[in-house]
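In what follows, a single structure is set out as structure tokens and then discussed.
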Amino acid sequence: MPQEDQPVTAAREERYDAQRIEQKWAERWQSDPSLYAAEAHPTKPKYYVLEMLPYPSGALHMGHVRNYSIGDALARYMWMNGYNVLHPMGWDSFGLPAENAAIKNNTPPKQWTLANIAAMKLQMNRLGFAYDWSREVTTCLPDYYRWNQWFFLKLYEAGLAYRKKSKVNWCPQCATVLANEQVVAGMCWRHEDQPVEQRELEQWFLRITKYADELLRDLESLQEWPEKVRIMQQNWIGRSEGTLVDFDLGGTVGPAGSTITVFTTRVDTIYGATSVQLAPEHPIVCDMIARDTDLRAKVEQLVAEQRKAKEAGDIGAIEKHGVFTGRYAKNPYNGEPVPVWVANYILIDYGTGAIMSVPAHDERDYEFAMKYNLEIRLVILPQSNDDETMAEPALPFTAMNAFLVNSGEFNGLTCADAIKKMSARAAEKGFGKPTVTFRIKDWGISRQRYWGTPIPMVYCEKDGVVPVAEKDLPVILPDNVPITLAGGSPLMNVPQFLNTTCPKCGGPARRETDTMDTFVDSSWYFYRYADAHNDKAPFDSAKIAYWFPIDQYIGGVEHAILHLIYSRFWTKFMRDMGLVKNDEPIARLFTQGMVIKNGAKMSKSMGNVVSPDEMVARYGADAARLYSLFAAPPDRDLDWQESGIDGIQRFMGRVYRFYLRNPVETGLAPSPPAQSQTLSPKARDLQRKLHQTIKRVSDDFQGRWHFNTCIAAIMELVNEIYGAESAGKIPASLIADVRRNIALMLAPMAPYLAHELWEMTGETGNLLKSPWPKYDPALAAEDEIEIPVQVNGKLRGLVVVPASATNDQVEQAALADEKVKAAITGKQIVKKIVVPNKLVNIVVR
RNA sequence: GCCCGGAUGGCGAAACUGGCAGACGCACGGGACUUAAAAUCCCGGGUCCGUAACAGGACGUGACGGUUCGAUUCCGUCUCCGGGCACCA
């Protein structure tokens with residue numbers, strides 16, 4: 001120990017020198033890479049704790065520090081509780097920022113990315129996070145992304161990866177396509193002021209919709225996920241049950257067909273349909289306008305206005321417009337012809353892109369009908385016990401708790417019954433059927449970018465679209481590619497990459513030049529940690545069977561939809577391939593709050609960023625970690641206040657000085673536990689407080705994750721020590737007890753300090769693998785308790801009774817209290833309530 | 001518009017199952033130590049009324065109402081703040 005090497009000066013002894021002590025331990029820990037190494041072990045209980053892997057932007061921010069401090073505390077706590085812990089870290093290292101940096105600094109994306117990784121790894125190590133670096137995953141390296149390509153081939157074989165020409169979301173600033181999930185209120189998720197344009201491109205899609213039902217259903221099993229996340233995913237998947245109904249156009253339209261199929265969830269209101277509305281992009285509309293230039297002009301104007309409104313930043317519901325096509329379609333239930341319109345509020349990519357319009361019973365249809373003077377026909381009425389006085393409801397009337405009128409043979413049915421009977425009728429007669437639609441769409445993964453996983457497909461003039469052979473993986477992303485944001489993949493300009501031979505016929509062919517969405521990388525990375533160096537397969541299934549599902553995943557709520565729904569999809573696909581056995585990847589999810597300062601999220605544009613490096617340099621890693629755990633419970637937003645971290649530093653010094661005042665020579669056997677009978681009252685109070693503190697910290701750690709109250713409890717214990725010390729000498733055995741236990745309790749949250757304290761107690765064993773302390777209920781028990789006494793619910797006195805006092809004894813003591821007496825004199829006692837160990841309330845009149 | 005959170009001292013927060021509101025920490029005030037400061041150690045702080053000082057009293061967890069012997073906690077209505085979704089038929 002340094003104290004032995006060189007006599008410390010008095011001044012130095014006073015202060016906890018975080019820099020020196022943390023340096024010392026960091027060196028020791030790094031000299032032993034096996035310290036945090038995990039090994040699958042069939043008989044040991046496992047615990048897989050994972051924090052969301054960062055994008056290597058160049059430096060950690062406080063959100064990372066908070067996220068990783070929580071995960072690290074948990075990992076260390078579980079180690080101390082005897083679990084075989086897997087706690088890995090990696091880098092989500094493909095993506096656009098590397099290309100932007102390349103353009104700005106003229107550095108290749110790979111070089112920039114790897115340098116950032118090195119820098120951030122140093123930061124993480126300086127912060128003392130206990131990761132098993134032997135399992136590090138870097139998604140931009142071929143030994144990882146080759147398995148993205150391999151999975152893509154498997155998806156293609158299974159018919160779950162397909163190519164289609166489609167309108168896609170295009171961000172002009174990113175110069176690439178965005179997934180639906182990356183469009184936020186019509187704007188690019190990376191450029192909040194950039195409206196997303198629609199472009200027609202050939203794109204690769206993954207058929208996530210195949211799993212839509214299961215993704216929804218299995219949310220039920222994720223009871224340990226925040227309800228908020230489950231609801232967000234549920235809404236995103238957006239399942240609705242409804243009916244398809246064919247409206248006959250009378251054979252007057254071209255190749256797109258002569259019936260319009262509408263989707264409705266309220267077929268019970270179909271006798272109230274007074275028009276059919278088509279999306280402007282509907283194929284039947286295309287047919288119609290091909291032969292009607294007048295209509296064409298009107299529809300084009302409709303579309304143009306729509307686009308203008310969107311680009312002007314209008315989000316949500318914009319004003320409804322429509323155009324009458326001059327045609328009629330027949331309602332198959334009553335044979336009535338209704339006018340066919342084209343309307344801007346009909347979405348082409350939901351349902352069938354066509355609806356029946358029931359103005360009396362749908363808000364949007366009502367608004368539209370009022371504007372264009374369409375007929376409004378009431379076909380359901382509220383249910384009432386008193387049929388005589390039934391009043392017409394306010395329109396639009398959309399309740400389900402109603403019954404049918406003006407609906408022919410279906411009159412009198414309740415809405416729910418009518419939906420069943422009427423959709424069955426459609427199927428029976430062949431003009432429709434019950435159906436289920438989803439809001440979620442297939443996942444478009446093509447990106448016209450350089451810094452991503454090449455899609456392993458080849459285009460041959462003779463054989464068409466041909467997958468690269470598995471043995472030829474990985475398709476290596478070439479270096480030294482000139483990067484522009486001009487549009488189109490930069491790989492198109494690399495002949496050595498572009499030109500290849502057809503895997504089928506051997507003739508000349510061209511490679512796919514698009515790369516994969518980076519969310520592919522993060523959809524399965526946590527499986528790779530279980531078997532990070534496998535070069536025969538993405539992983540060994542036996543290892544997955546041991547480690548999965550992830551016991552605890554921790555990250556920001558911003559990934560509630562994208563990353564977490566893609567990951568679930570990927571797992572289900574791998575399960576169906578037979579690679580894994582689990583249906584879900586993540587058993588428990590925790591979403592921590594944001595780090596804010598001065599009322600706003602920390603960001604460069606707000607200028608309120610606090611640098612972790614600066615905090616570590618000024619206060620040390622432990623202080624930064626402890627503060628991020630202390631300032632708020634982990635699920636809430638944390639308001640960063642520099643003065644708060646001063647207080648933490650002061651607390652650490654207070655703990656440290658207690659150990660300095662009570663030195664122990666190394667090599668001594670641990671003292672036997674203190675005997676409570678022989679202790680002075682003040683020492684007994686300290687002993688009780690110690691055991692109560694162990695209980696509180698254990699409870700708050702395990703069950704609630706309230707690290708803030710864990711730390712507060714330890715602070716109270718330290719305050720008690722100082723009080724006891726000033727009151728007289730404390731027996732050495734009790735001091736030894738306290739000293740050991742404080743080091744153990746601090747170990748998950750402040751590892752540097754805890755290790756130093758552990759060494760100062762004369763312990764030589766590995767703190768990380770030392771058992772978490774247990775409290776003794778007998779030693780934690782109070783001898784006497786203070787019971788508040790209320791009169792009519794108002795506090796009037798306090799009585800001190802033995803902890804063993806009966807309710808009667810407590811009541812007698814309460815009635816004997818002078819203040820209580822004064823409050824009840826001359827009044828009649830109506831009731832006496834004694835809550836054991838809690839309170840007495842006397843009700844008087 | 002719909003869905004989910006949240007609101008407690010000057011500030012961050014605590015009160016876990018309805019039972020002493022404000023633990024713990026920050027900031028602040030006072031004292032000790034010091035030539036002085038820093039550091040450290042000790043003490044005090046919800047608001048208002050009241051007292052020379054004690055005492056004592058009233059009010060107090062966004063607002064209003066309800067249930068209860070008793071409500072920060074449960075119920076209803078509303079306000080404000082944060083987040084998600086955005087015409088999904």
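The chains referred to below are lettered A, B, ... by the order of the sequence lines, with proteins before strands, and numbering in each begins at 1.
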Answer yes or no: is there a side-chain heavy-atom contact under 4.5 Å between A:Lys794 and A:Asn792?
no

Show your working on ring-ring contact (aromatic ring centres under 6.0 Å, His included) between A:Phe701 and A:Phe707 and close with a plain yes or no.
CA-CA 6 Å; A:Phe701 221 108; A:Phe707 309 111; 5.1 Å; yes

Does A:Gly238 reach a base, just sugar-phosphate, or nothing at all? Heavy atoms under 4.0 Å.
nothing

Mind checking A:Asn235 for me? I need base, sugar-phosphate or nothing, with any heavy atom below 4.0 Å counting as a touch.
nothing

Which part of the nucleic acid, if any, lies within contact of A:Ile231, taking any heavy atom under 4.0 Å across all strands shown: a base, the sugar-phosphate backbone alone, or nothing?
sugar-phosphate

Any side-chain N or O of A:Arg704 less than 4.0 Å from the OP1 or OP2 oxygen of B:A14?
no

Provide the full list of salt bridge (Lys or Arg N to Asp or Glu O under 4.0 Å) pairs with a residue in residues 698-721 of chain A, sequence neighbours left out, each pair given once.
A:Lys689-A:Glu716, A:Lys695-A:Asp699, A:Arg696-A:Glu716, A:Asp700-A:Arg704

State plainly whether the residues A:Asp268 and A:Arg266 are in salt-bridge range, i.e. N to O under 4.0 Å.
yes

Walk me through it: do A:Trp225 and A:Phe590 pass the test ring-ring contact (aromatic ring centres under 6.0 Å, His included)?
CA-CA 7 Å; A:Trp225 282 35; A:Phe590 187 89; over 10 Å; no

side-chain contact (heavy atoms from CB on, under 4.5 Å) with A:Pro788: which residues, sequence neighbours excluded?
A:Leu795, A:Leu798, A:Leu839

Just call it for A:Ile648: base, sugar-phosphate, or nothing, with non-hydrogen atoms closer than 4.0 Å on any strand.
nothing

Could you tell me whether A:Lys320 sits above the aromatic face of A:Phe368, with NZ or CZ closer than 6.0 angstrom to the six-membered ring centre and within 45 degrees of the axis?
no

Please classify the nucleic acid contact of A:Ser357 as base, sugar-phosphate, or nothing, using heavy-atom distances under 4.0 Å.
nothing

Smallest heavy-atom separation, A:Met749 atom then A:Arg625 atom, equals O-NE, 3.8 Å

Is A:Arg230 salt-bridged to A:Glu227, going by a charged N under 4.0 Å from an acidic O?
no

At under 4.0 Å between heavy atoms, what does A:Glu786 touch on the DNA or RNA strands: base, sugar-phosphate, or nothing?
base

Each nucleotide in nucleotides 53-58 of chain B should get exactly one letter: B, S or -. Can you fill that in based on protein heavy atoms under 4.0 Å?
---S-S

Quick one: the dot-bracket string of RNA chain B, using Watson-Crick and G-U wobble pairs with both distances under 3.5 Å, [ ] for crossing pairs and | for bases paired to another strand.
(((((((..(((......[....))).(((((.......))))).((((......))))..(((((..]....))))))))))))....

Within residues 637-646 of chain A, which residues have any heavy atom lying less than 4.0 Å from an atom of RNA chain B?
A:Asp637, A:Asp639, A:Gln641, A:Ser643

No-H, no-angle donor-acceptor pair, A:Lys320 side chain to B:C87 base, under 3.5 Å
yes

Set out, line by line, the N/O atom pairs under 3.5 Å between protein and nucleotides 42-48 of chain B.
from	atom 1	to	atom 2	distance (Å)
B:C42	OP2	A:Arg654	NH1	3.3

Base, sugar-phosphate, or nothing: which does A:Gln790 touch, judged by heavy atoms less than 4.0 Å apart?
base

